[in-house]
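Notes to accompany the following structure.
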Amino acid sequence: MNILFLNGPNLNLLGQRQPEIYGQTTLADIEAKLRELAAEAGVTMDFRQSNHEGELVTWIQQAHGKFAVIVINAAAYTHTSVALRDAISAVAVPTIEIHLSNIHAREEFRHQSMIAAVCRGQIAGFGEQSYYLAFKAALQLKSS
Ligand code: DQA
């Protein structure tokens with residue numbers, strides 16, 4: 001089983017970016033922890049970040065046939081991107097939406113997710129744990 005983790009704009013700044021909202025942990029720390037979990041579970045994974053919407057779209061398209069599950073923190077594109085939504089619909093790879101913060105408890109413009117309706121589910125508000133919970137959910141999706 002191969003899991004694709006995708007991270008959208010500004011998540012490369014985790015650790016220094018609004019730590020009161022997003023925590024002190026860096027994206028590299030999260031990737032390292034996920035790699036430990038993947039090794040324990042005997043699965044493989046890719047972990048990518050981009051500040052460019054089109055690059056994320058391309059990666060989703062290329063996931064078809066290569067990855068069993070996509071876990072995506074689309075960051076700000078969550079709230080704006082029809083292109084990401086269409087890409088997720090097009091590839092038919094089960095996709096889990098995640099967020100560090102609880103987007104529903106923040107500014108109103110963050111309450112809407114363009115991708116939620118085409119994802120299998122959403123995990124939001126647990127900080128870095130959102131990634132590890134999504135990893136568990138990805139394993140469950142494949143075994144169900
Ligand atoms: C985020 C929430 C988004 O609203 C925001 O634009 C982000 C990060 C999160 O992980 O909490 O960049 O996706």
Side-chain angles (χ1 to χ4, degrees), residues 1-41 43-64 66-142:
M1 181 188 185
N2 204 4
I3 305 173
L4 177 60
F5 287 87
L6 294 181
N7 296 281
N10 300 307
L11 291 171
N12 53 311
L13 299 179
L14 273 191
Q16 40 165 304
R17 174 194 183 200
Q18 294 176 282
E20 68 286 1
I21 296 175
Y22 298 118
Q24 312 259 342
T25 311
T26 67
L27 202 58
D29 294 335
I30 292 173
E31 177 179 358
K33 173 73 181 164
L34 285 168
R35 290 202 177 281
E36 275 174 28
L37 293 174
E40 276 167 29
V43 302
T44 51
M45 56 168 275
D46 258 29
F47 191 92
R48 304 177 193 164
Q49 188 274 332
S50 179
N51 292 326
H52 302 278
E53 186 176 13
E55 189 162 40
L56 293 163
V57 168
T58 299
W59 286 340
I60 293 168
Q61 290 179 4
Q62 292 171 346
H64 182 77
K66 285 199 209 129
F67 293 94
V69 180
I70 298 171
V71 175
I72 185 166
N73 185 349
Y77 291 141
T78 305
H79 315 298
T80 61
S81 181
V82 176
L84 283 182
R85 180 194 180 109
D86 286 352
I88 293 167
S89 300
V91 288
V93 176
T95 299
I96 301 169
E97 174 184 359
I98 64 166
H99 301 283
L100 296 143
S101 64
N102 180 355
I103 56 172
H104 305 287
R106 298 184 61 196
E107 303 98 317
E108 203 163 328
F109 70 87
R110 294 185 203 274
H111 297 181
Q112 191 196 8
S113 165
M114 296 299 290
I115 65 170
V118 295
C119 289
R120 292 294 292 268
Q122 183 189 77
I123 299 170
F126 299 98
E128 66 181 289
Q129 291 294 330
S130 292
Y131 284 81
Y132 314 140
L133 291 167
F135 176 79
K136 282 193 176 175
L139 296 182
Q140 290 285 328
L141 268 188
K142 250 350 242 182

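For clarity, every value in this text was computed on a predicted model and none was experimentally measured. Counting starts at 1 for both ligands and their atoms, in listed order.
Counting heavy atoms under 4.0 Å from ligand 1, residue R110 touches it through the side chain alone. When heavy-atom distances to ligand 1 are checked against a 4.0 Å cut-off, R17 comes that close only through its side chain, counted from C-beta outward. Residue-level proximity to ligand 1 for N73 is carried by the side chain, the only part with a heavy atom below 4.0 angstrom.
Heavy-atom proximity to A76, at under 4.0 Å, picks out these atoms of ligand 1: 6 (O), 12 (O). Near S101, meaning under 4.0 Å from one of its heavy atoms, ligand 1 places the atoms 2 (C), 9 (C), 11 (O). Every atom of ligand 1 is numbered from 1 in the order shown, and the set under 4.0 Å from a heavy atom of H79 is 3 (C), 4 (O). Listed by atom number, the atoms of ligand 1 under 4.0 Å from L100 heavy atoms are 9 (C), 10 (O), 11 (O).
Under a 4.0 angstrom heavy-atom cut-off, N10 registers as lying outside contact with ligand 1.
Residues I70 and W59 form no side-chain contact, since every pair of their non-hydrogen atoms from C-beta on lies 4.5 Å or further apart.
Of all non-hydrogen atoms in A41 and L139, the two that sit nearest each other are CB-CD1, 4.0 Å.
Side chains of T26 and D29: a donor-acceptor N/O pair is present below 3.5 angstrom, by distance only. Between the side chains of H79 and E107, no donor-acceptor pair is found at a separation under 3.5 Å. Donor-acceptor pairing under 3.5 Å is lacking for the side chains of S113 and Q122.
Ring-plane geometry between F5 and F47 is classed as tilted, the angle between the planes lying from 30 to 60 degrees on a 0 to 90 degree scale.
The shortest N or O to N or O distance between H99 and ligand 1 is under 3.5 Å.
Between E36 atom CD and E40 atom CD the span is 7.0 Å, to the nearest 0.5 Å.
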